[in-house]
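These notes concern the structure reproduced below.
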Amino acid sequence: MIRQQQMQVVQQKVIATNIFELTLTGQLVLDMKQPGQFVHLRVSDQMEPLLRRPISISSIDEATLEFTMIYRADGRGTTLLSEKKPGDQVDVLGPLGNGFPDDKIEAGQKALLVGGGIGVPPLYELSKRLVEKGVQPIHVLGFQSEDVVFYEKQFQELGDTHIVTADGSYGSTGFVTNVLEMLDDDFEVYYSCGPTLMLAALEKMYPEKQGYLSFEQRMGCGIGACFACVCDTTEKIDADYVKVCSDGPVFPSGVVRV
Amino acid sequence: MIRQQQMQVVQQKVIATNIFELTLTGQLVLDMKQPGQFVHLRVSDQMEPLLRRPISISSIDEATLEFTMIYRADGRGTTLLSEKKPGDQVDVLGPLGNGFPDDKIEAGQKALLVGGGIGVPPLYELSKRLVEKGVQPIHVLGFQSEDVVFYEKQFQELGDTHIVTADGSYGSTGFVTNVLEMLDDDFEVYYSCGPTLMLAALEKMYPEKQGYLSFEQRMGCGIGACFACVCDTTEKIDADYVKVCSDGPVFPSGVVRV
Amino acid sequence: MNRLAIELPGLSLKNPIIPASGCFGFGKEYAQLYDLSQLGAIMIKATTPETRLGNPTPRVAETPAGMLNAIGLQNPGLKKVMENELTWLEQYEVPIIANVAGYTTEDYVTVAEAISKAPNVHALELNISCPNVKQGGITFGTDPFVAEELTRAVKAVSSVPVYMKLSPNVTDIVEIAKAVEAGGADGITMINTLLGMRLDTKTGRPVIANVTGGLSGPAIKPVALRMVYDVAKHVSIPIIGMGGISTIDDVIDFLSAGASAVAVGTANFVDPFICPTLIEQLPQKLDELGFETVADLVGRSHRL
Amino acid sequence: MNRLAIELPGLSLKNPIIPASGCFGFGKEYAQLYDLSQLGAIMIKATTPETRLGNPTPRVAETPAGMLNAIGLQNPGLKKVMENELTWLEQYEVPIIANVAGYTTEDYVTVAEAISKAPNVHALELNISCPNVKQGGITFGTDPFVAEELTRAVKAVSSVPVYMKLSPNVTDIVEIAKAVEAGGADGITMINTLLGMRLDTKTGRPVIANVTGGLSGPAIKPVALRMVYDVAKHVSIPIIGMGGISTIDDVIDFLSAGASAVAVGTANFVDPFICPTLIEQLPQKLDELGFETVADLVGRSHRL
Ligand SMILES: Cc1cc2nc3c(=O)[nH]c(=O)nc-3n(C[C@H](O)[C@H](O)[C@H](O)COP(=O)(O)OP(=O)(O)OC[C@H]3O[C@@H](n4cnc5c(N)ncnc54)[C@H](O)[C@@H]3O)c2cc1C
Ligand SMILES: Cc1cc2nc3c(=O)[nH]c(=O)nc-3n(C[C@H](O)[C@H](O)[C@H](O)COP(=O)(O)OP(=O)(O)OC[C@H]3O[C@@H](n4cnc5c(N)ncnc54)[C@H](O)[C@@H]3O)c2cc1C
Ligand SMILES: Cc1cc2nc3c(=O)[nH]c(=O)nc-3n(C[C@H](O)[C@H](O)[C@H](O)COP(=O)(O)O)c2cc1C
Ligand SMILES: Cc1cc2nc3c(=O)[nH]c(=O)nc-3n(C[C@H](O)[C@H](O)[C@H](O)COP(=O)(O)O)c2cc1C
Ligand code: FES
Ligand code: FES
């Protein structure tokens with residue numbers, strides 16, 4: 001169920017240059033069912049900035065009623081968000097959208113998880129759930145440069161983790177595709193979140209594989225009412241368009257025209 | 001000199017229902033020369049609420065570089081201001097305008113200080129300075145009701161203090177004029193800040209006395225450039241109009257057409 | 001007696017709060033959050049004769065205390081709206097105001113004639129002002145003669161009262177209001193969005209793929225309020241006011257300026273529960289202001 | 001070479017940052033805060049033939065990310081402006097753009113002819129769009145024919161280049177821009193304020209004594225930017241852009257949209273040091289964006 005709730009900041013931490021990890025707590029966590037879903041946050045009680053910001057859920061802890069997000073403080077909204085301190089309230093609308101299905105793969109099989117920059121966070125909860133299920137995840141995570149790399153250790157604890165930076169300042173040099181070319185493709189399903197160009201490259205690289213891709217669009221309502229976030233579709237599905245917020249943000253590969 | 005400075009909150013205290021006492025510190029305090037001057041505050045770094053809020057200086061402490069304001073949290077801006085905590089910064093433009101002159105009266109003489117509601121604060125610094133000078137102040141302070149009375153003790157320490165409330169819930173009942181009618185008029189100068197109707201009543205009551213009245217107007221710039229805050233004048237002065245922000249807020253009685 | 005009730009041509013509103021067209025889809029999404037029967041009415045998304053896929057994305061951009069949109073009237077088309085959306089909405093006790101759009105008088109007439117026959121459509125709102133669509137559209141709302149003729153044409157075929165939705169992008173909105181009144185409009189809804197633009201400062205490119213978009217949200221409230229106030233002075237048909245409403249005070253201001261009911265658009269995106277919240281706050285606000293009914297409050301600024 | 005310099009008819013600007021008319025008086029107040037010689041130019045307060053006392057107060061009201069004003073062109077009149085204000089301003093190395101207002105063509109002609117002879121007045125800005133003044137004023141800016149004729153009349157008597165200041169309260173601003181260009185205008189300044197209103201929710205009364213006022217500040221930036229972008233596409237005389245500018249990104253956006261320089265109004269009230277701050281930030285911003293000069297940046301959105 002979608003709810004709107006004032007949730008409390010438990011922790012706010014800088015984990016890389018301009019990259020923040022924010023943990024909130026509240027009952028709404030109990031409704032978070034799938035990795036890859038997102039929340040729509042109000043960053044201010046004032047009328048400016050006005051709109052909510054969509055941020056992916058990066059890990060969920062039902063026991064403590066806490067969930068964590070990782071985001072880059074970039075524009076006005078995310079900068080304000082980064083100023084929230086423990087005890088402050090954040091107005092959360094969520095959980096929204098459809099995440100990564102974890103029922104497409106079985107214990108003992110391998111899964112490929114490919115993240116680009118600020119698209120990495122939702123893969124963390126996914127990977128945890130896959131591991132719990134007995135699936136073996138392989139992580140390929142691309143970043144701009146060393147100073148914005150985050151969560152390497154956390155992913156390593158869950159499975160093989162390859163870091164690649166565009167400027168070569170850490171891990172291998174280049175794009176995630178450069179790493180992927182050198183890896184076996186003995187995985188069952190791939191999951192990815194990151195820049196659209198990256199998602200497009202993956203679809204091209206693994207035309208025969210089952211894949212799940214998380215897309216981004218500018219949003220208004222976040223719940224499917226305003227038609228701000230539509231994407232064109234391919235012949236693969238019947239609909240003329242899909243909405244990232246309510247039909248996605250995760251779609252099977254081949255559905256969204258990239 | 002007028003300056004713009006990020007000043008630090010030292011203390012924020014509720015002193016009556018919705019009435020706050022806010023103490024800030026910074027070098028700007030050294031420029032505060034006169035009781036009755038005001039500061040123009042930005043209450044938010046965001047674009048809404050947009051304009052600065054004019055608030056009177058209620059006491060000045062050069063030694064500690066601190067000054068205090070007393071304000072009612074009413075609209076959007078003052079409510080935001082009331083949420084500032086010790087250590088937070090407030091963007092202050094000031095000191096602005098011309099305050100109450102304390103050179104119109106001599107040691108041993110009596111001064112009448114009449115304040116209405118949120119017009120009371122600037123009289124506090126004035127009274128302190130008069131007392132320092134050897135002047136004997138009489139305070140007549142009007143409020144709506146008991147729950148919004150403030151600073152009674154502080155004024156009592158400086159001189160005779162009469163409290164009057166409109167609903168009679170504290171002190172005498174009625175308006176400041178009801179109290180004034182019962183007092184001697186053996187004072188040299190009167191000083192007042194409060195609703196315009198009150199100021200007008202005072203001028204009528206003491207046509208022969210020297211008086212100084214502090215006026216309010218909606219403001220834009222606060223420094224005399226935008227012509228938002230003009231008041232009509234009487235024949236008593238040459239100018240067709242005066243600006244509350246830069247010519248006032250304090251004017252000799254009889255200057256502003258009320 | 002219901003203090004919040006308002007009677008308008010075709011519309012017996014249990015309260016004056018209506019989600020604005022394009023900001024509420026066809027209600028399905030918000031129905032997940034609360035019971036739509038609470039609402040005064042629902043203004044559904046613009047409907048055109050055929051399916052429309054709208055503009056390329058990005059379609060929205062944030063601006064100071066506002067937002068731009070260039071959705072481009074995306075909608076499933078008349079047939080599907082009637083079969084799927086309106087039928088689905090019948091489960092709720094709420095009158096529907098069908099927003100009608102098009103590029104020719106025939107488009108409007110086609111949609112108006114058909115959609116006005118749906119049992120739960122109690123009024124039409126003619127979107128003659130959408131600034132997002134390149135052909136036509138814009139002219140209907142900016143030329144008094146054209147606006148009057150269109151009103152007349154639609155009135156001739158509609159089975160329910162017709163409200164004309166005015167564009168604020170005009171020199172003289174009173175002139176347009178008078179024209180649609182002369183054309184037989186039963187009411188006016190106003191305002192649609194102001195034409196605006198945002199650039200990506202880094203690249204210099206428009207953020208909205210369509211280059212320009214419609215500005216809505218709190219930023220435009222002063223313009224909307226002024227227009228409602230002016231139009232209310234000069235026409236005698238009722239007005240449904242909108243533009244930046246996001247608090248109960250905003251509702252009061254539009255009613256005071258002469259609107260008989262209000263629509264809430266952008267604020268739904270900021271707070272999806274805004275409409276029920278406003279409905280809940282209204283009685284207490286009436287008490288505070290010393291008014292017995294909403295109807296008593298309508299137009300009070302003109303009576304001072 | 002000065003990277004920030006811009007050459008416009010009559011104006012050799014050392015940088016493109018100009019305080020907007022009515023928001024900076026005649027400079028005296030801001031001169032207490034910083035050296036006015038830093039500024040690209042100064043647009044002084046509207047000058048009319050005679051002293052004017054303006055509208056009753058309240059004259060300003062805050063709105064979401066904006067403000068309304070109805071000052072009503074208060075100014076000391078032509079004679080005193082020339083004798084006191086302009087003479088005083090001569091101590092600064094800064095070109096003055098004299099804002100001219102009036103209610104008849106003769107008013108404009110009288111002020112323009114005289115004030116254009118002041119040694120430090122390098123250009124005129126004709127305020128044909130002030131929405132605050134009840135008589136006249138409004139028509140000059142909303143009718144293309146009238147605007148063209150007025151331009152011609154003023155051009156005939158002015159000793160310096162003439163910029164026409166456009167009103168945004170029109171259906172088609174490009175039409176007005178083309179008209180003033182045809183009338184011989186040397187440049188355009190835009191936009192003036194949008195007509196708006198605020199009510200006191202408690203009483204239902206207009207907050208501004210004049211009932212309506214002009215909306216300015218960040219709220220109107222999207223509208224202003226769209227208009228500058230559209231006009232730049234259709235005229236070849238230069239534009240000085242304004243409307244809601246309060247950050248260096250706003251400056252870049254207006255230049256990108258086609259303005260050759262910008263004016264900053266309301267933001268002076270929020271941050272009295274905004275103009276020198278923007279001037280200081282501009283070179284670094286040019287570096288970031290990879291532009292050598294301000295001139296290179298002008299109109300880049302049209303070249304993408
Ligand atoms: C489903 C989804 C999940 C996301 N998850 C994450 C995440 O986990 N971590 C993270 O750092 N970022 C995430 N993003 C991107 C994030 O929403 C934007 O970075 C953020 O909205 C930018 O806001 P701002 O205030 O910093 O920028 P501003 O420039 O002030 O934003 C202005 C407007 O544009 C919108 N906007 C700007 N960039 C984007 C963008 N890339 N996508 C969508 N809207 C945008 C804003 O929401 C706002 O409405 C996600 C986006 C989507 C759609
Ligand atoms: C010289 C001067 C000194 C003042 N000193 C004090 C003081 O010491 N303590 C105190 O509580 N109040 C004082 N006021 C009044 C105070 O400025 C207003 O209460 C405050 O601006 C209201 O802001 P808001 O955000 O609460 O209201 P909002 O309704 O959000 O304000 C909207 C706009 O109206 C303006 N405004 C609203 N009421 C007033 C008013 N009464 N006077 C001027 N502008 C107003 C605001 O500044 C703002 O621009 C003073 C006013 C002036 C002119
Ligand atoms: C995303 C979006 C889509 C809109 N679509 C329509 C539409 O289809 N038909 C219409 O008449 N108005 C449409 N509008 C305009 C609104 O109905 C309303 O007139 C306007 O947004 C002003 O109200 P607001 O400030 O409360 O949003 C749309 C507005 C937005 C923000
Ligand atoms: C208080 C105030 C007074 C103004 N007076 C004038 C004026 O005298 N002449 C004029 O042409 N424009 C006047 N304007 C309009 C501004 O010059 C400018 O065009 C408008 O405010 C938009 O810019 P901004 O959003 O940066 O304020 C005034 C604006 C304000 C806020
Ligand atoms: S954001 Fe409104 S439909 Fe997706
Ligand atoms: S507030 Fe601008 S002149 Fe007084």
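Letters A, B, ... mirror the listed sequences (proteins, then strands); counts begin at 1.
Contact between Cys23(C) and Ala225(A) at its shortest, heavy atoms only, is O-CB, 4.5 Å. Among all heavy-atom pairs drawn from Gly220(A) and Val60(C), the shortest one is N-CG2, 4.3 Å.
Interface remark: Leu93(A) contributes side-chain atoms only to the contact with chain C (heavy atom separation under 4.5 Å).
Put simply, of Pro56(C), Pro218(C), Pro64(C), Gly54(C), the one with the most heavy-atom pairs under 4.5 Å next to chain A is Pro218(C). In terms of heavy-atom pairs under 4.5 Å with chain A, the best-connected choice from Pro272(C), Gly22(C), Gly217(C) is Pro272(C). Highest contact tally toward chain A, considering only Ala61(C), Ala65(C), Gly25(C), is held by Ala65(C) [criterion: heavy-atom pairs under 4.5 Å].
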Are there donor-acceptor pairs under 3.5 Å across chain A and chain C? List atom names and distances.
residue: Leu50(A); atom: N; partner: Glu62(C); partner atom: OE2; Å: 3.0
residue: Leu51(A); atom: N; partner: Glu62(C); partner atom: OE2; Å: 2.7
residue: Arg52(A); atom: NE; partner: Val270(C); partner atom: O; Å: 2.8
residue: Arg52(A); atom: NH2; partner: Val270(C); partner atom: O; Å: 2.9
residue: Arg53(A); atom: NH1; partner: Glu62(C); partner atom: OE1; Å: 3.2
residue: Arg53(A); atom: NH1; partner: Glu62(C); partner atom: OE2; Å: 2.7
residue: Arg53(A); atom: NH2; partner: Glu62(C); partner atom: OE1; Å: 2.7
residue: Gln217(A); atom: NE2; partner: Thr57(C); partner atom: OG1; Å: 2.9
residue: Ala225(A); atom: O; partner: Gly25(C); partner atom: N; Å: 3.3
residue: Phe227(A); atom: O; partner: Arg59(C); partner atom: NH1; Å: 2.7

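Not counting sequence neighbours, the partners of Asp167(A) by the side chain to side chain donor-acceptor pair (under 3.5 Å) test are Ser169(A). For Thr25(A), the side chain to side chain donor-acceptor pair (under 3.5 Å) criterion is met by no residue, not counting sequence neighbours.
Atom OH of Tyr71(A) is surrounded by more than 12 heavy atoms from other residues, nucleotides or ligands within 6.0 Å.
For residues 17-26 of chain C, no residue pair satisfies the salt bridge (charged side-chain N to carboxylate O under 4.0 Å, His left out) rule, not counting sequence neighbours.
Annotation: side chain of Ile71(C) is not in contact with side chain of Val230(A) (no heavy-atom distance under 4.5 Å).
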